[in-house]
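In what follows, chains carry the letters A, B, and so on, assigned in the order in which the sequence lines appear, proteins first and then strands, with residues in each chain numbered from 1.
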Amino acid sequence: MKFQDVISINDFGKEEIEYVLKTAKRLENELNERKILQYAKGKILATLFFEPSTRTRFSFESAMHRLGGSVIGFAEASSSSVKKGESLMDTIRTVEKYADVIVIRHPREGAARLAAEIAEIPVINAGDGANQHPTQTLLDLYTIKKEFGRIDRLKIALLGDLKYGRTVHSLAKALSYYDVKLYFVAPQGLEMPRHIVEEISDKLEITETNDLESVIPEVDILYTTRIQKERFPDPAEYNKIKGSYRVDLKLLERAKETLKIMHPLPRVDEISYEVDKTQYSAYFRQVWSGVPVRMALLGIVLGVVE
Amino acid sequence: MKFQDVISINDFGKEEIEYVLKTAKRLENELNERKILQYAKGKILATLFFEPSTRTRFSFESAMHRLGGSVIGFAEASSSSVKKGESLMDTIRTVEKYADVIVIRHPREGAARLAAEIAEIPVINAGDGANQHPTQTLLDLYTIKKEFGRIDRLKIALLGDLKYGRTVHSLAKALSYYDVKLYFVAPQGLEMPRHIVEEISDKLEITETNDLESVIPEVDILYTTRIQKERFPDPAEYNKIKGSYRVDLKLLERAKETLKIMHPLPRVDEISYEVDKTQYSAYFRQVWSGVPVRMALLGIVLGVVE
Amino acid sequence: MKFQDVISINDFGKEEIEYVLKTAKRLENELNERKILQYAKGKILATLFFEPSTRTRFSFESAMHRLGGSVIGFAEASSSSVKKGESLMDTIRTVEKYADVIVIRHPREGAARLAAEIAEIPVINAGDGANQHPTQTLLDLYTIKKEFGRIDRLKIALLGDLKYGRTVHSLAKALSYYDVKLYFVAPQGLEMPRHIVEEISDKLEITETNDLESVIPEVDILYTTRIQKERFPDPAEYNKIKGSYRVDLKLLERAKETLKIMHPLPRVDEISYEVDKTQYSAYFRQVWSGVPVRMALLGIVLGVVE
């Protein structure tokens with residue numbers, strides 16, 4: 001199997017997803033055997049971060065180095081030619097002469113797709129505005145599979161701002177390939193958009209609620225995201241809601257022993273620090289998943305890993 | 001042949017230029033054969049960009065990685081010790097302890113020459129203010145040679161702001177080593193400086209004009225540069241002129257079939273996007289030329305490529 | 001011998017110091033034999049510079065590349081997730097998934113210690129506020145040993161702002177392991193803190209003075225640091241003092257022939273440029289010492305060099 005670009009999780013069928021997860025697993029095993037990999041030796045990754053994201057950038061750069069490759073790039077738009085008024089089109093046509101693969105993060109929706117259409121070399125979307133962040137979804141799936149040995153037959157709650165959070169939109173769609181039960185847990189006004197619920201509701205069972213406590217005893221995975229303060233016109237409203245969606249030890253008293261909590265990070269205070277040391281926290285292992293998954297994606301689009 | 005620094009195209013005789021072009025060609029061939037080169041293995045390039053230039057920085061870093069070397073550096077002065085008031089002299093004396101070759105871009109004329117005089121390791125000028133950008137000139141010559149198989153016996157028009165554009169100054173001088181006919185096409189007030197015209201006019205034939213249309217049918221190469229808005233006290237004046245120096249399909253109707261258009265990039269709107277897909281456009285291949293030419297220069301000054 | 005982190009020079013006994021110096025010497029010899037080292041091949045260094053320091057960052061990155069390893073990182077906090085309100089704790093727990101060793105510079109005292117306590121991978125302190133900068137002290141000691149073949153039996157003056165300068169605090173403590181005579185030469189009000197003098201005064205002989213001229217004929221090493229303008233409420237006061245602590249040729253007329261001047265750099269004008277060319281100046285060789293010493297530290301904490 002071979003694909004050229006990674007732009008939207010919607011471009012991935014179940015077969016492609018499984019292929020990425022399997023390849024990532026194999027690469028992780030090779031790392032664990034302390035092998036020094038050279039799949040991407042002589043290859044160059046260009047990381048074009050038109051808006052900053054240390055976590056995502058580091059994760060891709062680490063993945064490229066772990067494959068034996070090199071990296072050039074910028075961490076924010078200010079130091080790029082963009083300042084001189086260059087179009088994204090010309091930037092891409094230029095950078096593709098200097099690299100073998102491009103990873104792009106851009107504040108504008110559709111920027112990554114445009115880049116992929118222009119470039120002759122592969123392009124990976126590391127987030128285009130509120131739109132897509134497909135490698136996050138793939139590493140989320142990888143984490144679930146690693147934690148439970150499977151994705152099927154799990155009960156998964158998505159918690160927080162489900163209206164604006166691109167992470168949970170993509171994850172919900174990708175999970176619809178699997179035999180799972182989903183819970184959408186959001187404060188009033190931040191519910192999962194209708195079109196997404198409708199798109200996937202014939203494939204799997206969905207429960208929508210704004211009562212986190214009632215859901216906790218049932219689920220295997222609690223996928224938490226930030227509730228963004230700036231969404232609320234009234235700060236008092238925000239503070240009230242924030243408290244009722246905070247994951248802490250008290251809430252977890254009623255959880256299954258095997259519950260795993262995930263979070264795309266960075267967190268602000270959705271998850272209490274006291275939770276970090278419990279058996280529930282999977283979010284830092286989730287961070288690690290970014291490396292093998294991005295190694296797999298880089299390796300596949302570069303044609304150096306099968 | 002061996003040289004230590006690359007500061008000004010004026011330091012290069014025809015023999016040195018030809019040597020660089022030949023070396024670049026050989027390295028490009030090796031890349032095309034999909035070889036992983038290791039000429040600069042264990043060597044470190046320090047890129048000191050006191051003003052940002054993504055294109056030039058990426059090009060040098062890509063070249064160094066393609067040679068198997070490593071890179072350290074900064075992309076703009078703000079994150080450097082300059083903030084603490086350190087002199088350029090001390091910065092150079094420090095950085096040379098950490099690297100094997102320095103590439104410097106600096107807003108001040110003469111900064112690169114000063115750096116080369118101080119440093120015991122090689123220094124390459126990646127642009128010092130309005131003064132010199134010798135590696136651009138070398139990649140321009142490389143591109144011409146690649147497009148036509150030769151530089152001699154070509155008719156070459158330099159178009160745009162010929163008064164302030166360092167790129168066209170250097171290129172004109174370097175072309176005077178060859179048997180070419182030059183056309184200087186500039187709006188009134190932005191003509192090529194007298195001293196450059198006089199310096200080279202006994203070596204080759206020069207036509208000066210501000211009528212682009214009359215020149216188009218004659219030339220083999222149209223080297224276009226930005227006409228900078230800020231040069232014009234009256235915006236209306238700028239807009240009028242801009243239009244008459246814009247390269248578009250209509251203008252090209254009267255061009256030779258084999259005409260090639262070059263541009264050092266980034267462009268703003270001197271060349272219409274519709275031109276990109278025609279057989280005339282050579283400017284993105286010109287971008288690519290930066291890699292083998294800078295590989296050659298890095299390899300030569302490091303003493304690892306002959 | 002093995003240690004996990006490098007946080008404070010106070011954690012180092014004489015044995016550890018000597019071990020680092022010996023390892024650095026061996027690595028420097030290998031570099032001098034033009035070997036391409038691969039001790040850290042496949043390893044990744046993350047440089048987290050929450051405040052900029054080109055010199056220190058370049059020095060660590062150069063050291064990592066000279067060991068054959070790779071580097072990811074940021075050069076100032078602005079482009080990091082810190083902006084999104086992430087805690088240092090979460091940043092460290094994230095970055096440790098992407099790298100094999102962390103080098104951190106942070107404006108807050110204790111930040112490096114906190115990072116080391118959190119991280120499972122090794123952490124090296126590249127300066128935490130006014131507190132510690134242990135690798136500077138180790139490279140200072142390395143430089144002294146290289147210049148004189150020994151540290152014992154030397155007379156060493158520390159000059160400048162001894163009250164706030166972390167460099168001289170750490171160096172004074174580390175020198176107390178050796179049989180040296182120290183001179184603390186500071187303007188009134190910027191003397192070495194009492195607690196440091198008391199801590200080490202029973203181990204070695206100390207002379208405190210604010211008269212630089214009287215000390216010059218006696219010492220083997222003059223370790224100069226910046227006198228920071230902002231410490232003085234009255235600029236006139238600063239200017240008067242500045243002049244009397246400036247190292248220039250006139251002052252050096254009365255120095256020993258073998259005197260060596262050191263400075264952690266960057267300098268502003270504590271040392272006159274005319275001194276650079278004399279036999280006294282050791283400060284640029286001191287810069288170079290940063291590379292083998294940091295190679296040794298990286299190699300030791302990574303467990304790839306013994």
What distance separates [X] [atom1] from [Y] [atom2], expressed to the nearest 0.5 Å?
{"X": "Arg267(C)", "Y": "Asp90(B)", "atom1": "CZ", "atom2": "CG", "answer": "4.0 Å"}
{"X": "Leu45(B)", "Y": "His65(C)", "atom1": "CG", "atom2": "NE2", "answer": "10.0 Å"}
{"X": "Phe74(B)", "Y": "Glu76(C)", "atom1": "CZ", "atom2": "CD", "answer": "11.5 Å"}
{"X": "Ser62(C)", "Y": "Asp100(B)", "atom1": "OG", "atom2": "CG", "answer": "8.0 Å"}
{"X": "Lys97(B)", "Y": "Arg55(C)", "atom1": "NZ", "atom2": "CZ", "answer": "10.5 Å"}
{"X": "Asp276(C)", "Y": "Met89(B)", "atom1": "CG", "atom2": "CE", "answer": "6.0 Å"}

Smallest separation among heavy atoms of Gln38(C) and Lys41(B), with atom names: OE1-NZ, 3.8 Å

Atom [atom1] of [X] with >12 non-hydrogen neighbours under 6.0 angstrom:
{"X": "Lys146(B)", "atom1": "NZ", "answer": "yes"}
{"X": "Glu33(C)", "atom1": "CD", "answer": "yes"}
{"X": "Lys14(B)", "atom1": "NZ", "answer": "yes"}

Which atoms of Leu48(B) come close to chain C, meaning under 4.5 Å heavy atom to heavy atom: side chain ones, backbone ones, both, or neither? side chain

For Val95(B), is it the side chain, the backbone, both or neither that has a heavy atom under 4.5 Å from a heavy atom of chain C? side chain

Top residue by heavy-atom pair count (under 4.5 Å) with chain B, among Tyr283(C), Trp288(C), Phe49(C)? Trp288(C)

Derivation of the side chain to side chain contact (heavy atoms under 4.5 Å, CB included) call for Arg66(C) and Ile44(B): CA-CA 8 Å; Arg66(C) 294 285 187 221; Ile44(B) 299 173; 3.7 Å; yes

